[in-house]
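Each remark here refers to the structure printed beneath this line.
Just so it is clear: chains get the letters A, B, ... in the order the sequence lines come, proteins before strands, and each one is counted from 1. Since the model is a prediction, treat every value here as computed from it, not as a measurement.
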Number of protein chains: 2
Amino acid sequence: MELRDIIDKLKSNGYKVTEQRKAILQVLSSNPNNLISVENLFIKSKEIYNKTNMSTIYRNLEILERLNLVYKLITEDSIALYKLVCSNEHHHHIICKECGKTEIIEFCPINTLNKLAKDKNFNLTSHKLELYGYCVDCQASKDD
Amino acid sequence: MELRDIIDKLKSNGYKVTEQRKAILQVLSSNPNNLISVENLFIKSKEIYNKTNMSTIYRNLEILERLNLVYKLITEDSIALYKLVCSNEHHHHIICKECGKTEIIEFCPINTLNKLAKDKNFNLTSHKLELYGYCVDCQASKDD
DNA sequence: GTTCTTGCAAAGATTTTGCACGGTC
DNA sequence: GACCGTGCAAAATCTTTGCAAGAAC
């Protein structure tokens, strides 16, 4: 999704285009495949627009999440990470534990999962599939 | 895993068997298939041994996690939930969003995942597959 | 008696909120 | 000008920690 499209979607939902919001979106869209922490998003947004405040980051992430424009992931150590959604189609990610880089994986075992849920008499509403590892760059730097 | 086995494992790792610890384990083992929040674990542990303190809950969960005796899950709203591990074999769960009940699912697409990771030049170290839905009991009560 | 555990209270970390001011449309 | 957004500071949550007293072995 392009930065322009995101801003359009915000506008069409009655949200205004502020410098802070632009800074946040610029950071997110400059690295659309990388997960970023709230803290780092704050730091980088400030580099673009110095007056950006932490609570603004949180408020905007909440809006973006509600509009389904960002993807939120909580790591095993309970750190919230965000990235822009890449597409509206259902998909999963492989995530680098070192640098946060993600790639989409073209695989979803949903049919099997539906069957399994049915066997257990569960009404399946959603599922999470995430792969963790080290990307090729971080594998190299780990060898140092 | 039996309560007895857990206590043995604690002992063999140099941990002592205290009333607080027994209360916590009793709560966890009384519902081995249900995820429980720290708050609820605290409340229920106090019912068994009144002097149990919140920090004791946290400290014990940390120990149990380190010994791989409990499984931790963080919900989409960042709430930490715990349950005893059922077995040492790799497996996934289907989780009821209403009551926290879990069941093991006998399926893991690890071979496919390995292949996908390889294609992306990722060194796959772990993965997460969780199914969410409503168990048969909670489906019924939702219709009320 | 030694070592591990706990309670307490305080501190940390992360996230949310109220309100008055300022910006966007 | 109406309404939305922000900064600030304060509060709320959740979790961790230091320390002295107490319990387990």
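- Of the residues in residues 13-22 of chain A, those with a non-hydrogen atom less than 4.0 angstrom from any atom of DNA chain C are A:Lys16, A:Val17.
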Check the interface with nucleotides 16-21 of chain D: list each N/O to N/O pair with the protein under 3.5 Å, or write none.
unit_1: D:dG18; atom_1: O6; unit_2: B:Arg59; atom_2: NH1; d: 3.3

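- The nearest heavy atom of DNA chain D to A:Ile63 and to B:Glu39 marks one nucleotide each, and the one closer to the 5' end goes with A:Ile63.
- Rounded to whole Å, atom P of C:dT14 lies 14 Å from atom CD1 of A:Ile57.
- If you look at B:His91 and B:Phe107, their ring centroids are not closer than 6.0 Å.
- When the side chains of ILVMFWY residues are joined at heavy-atom separations under 4.5 Å, either directly or via intervening members, A:Leu73 and A:Ile79 end up in a single hydrophobic cluster.
- In this structure, CG of A:Leu10 is placed 16 Å from C1' of D:dC3, rounded to the nearest angstrom.
- Checked for salt-bridge contact, A:Lys120 and B:Glu106 meet the test: a charged N lies under 4.0 Å from a carboxylate O.
- Distance alone, capped at 3.5 Å, places no donor-acceptor pair between the A:Arg21 side chain and the A:Asn60 backbone.
- Remark: the A:His92 side chain and the B:His127 side chain contain no N/O donor-acceptor pair separated by less than 3.5 Å.
- Under the 4.5 Å side-chain heavy-atom criterion for grouping Ile, Leu, Val, Met, Phe, Trp and Tyr, A:Ile48 is connected to A:Ile6 within one hydrophobic cluster.
- Here the C1' atom of nucleotide D:dG22 and the CG atom of B:Asn53 are 14 Å apart, to the nearest Å.
- Between B:Thr56 and A:Val38, the residue whose closest nucleotide on DNA chain C is further toward the 5' end is B:Thr56.
- In this structure, CD1 of A:Ile74 is placed 18 Å from P of D:dT13, rounded to the nearest angstrom.
- Put simply, OH on A:Tyr58 and CG on A:Leu41 are 10.0 Å apart, with the number rounded to the nearest 0.5 Å.
- Counting to the nearest Å, the P atom of D:dT15 and the CG atom of B:Leu41 are 12 Å from each other.
- In this structure, CG of A:Leu25 is placed 14 Å from C1' of D:dG5, rounded to the nearest angstrom.
- Taking atom CD1 of residue B:Ile79 and atom P of nucleotide C:dT14, one finds them 17 Å apart after rounding to whole Å.
- Whole-Å rounding puts the B:Arg66 CZ to C:dC4 C1' distance at 13 Å.
- Under the 4.5 Å side-chain contact rule for hydrophobic residues, B:Val85 and B:Ile94 do not share a cluster.
- Between A:Lys22 and A:Glu19, at least one side-chain nitrogen of the basic residue sits less than 4.0 Å from a carboxylate oxygen of the acidic one, meeting the salt-bridge criterion.
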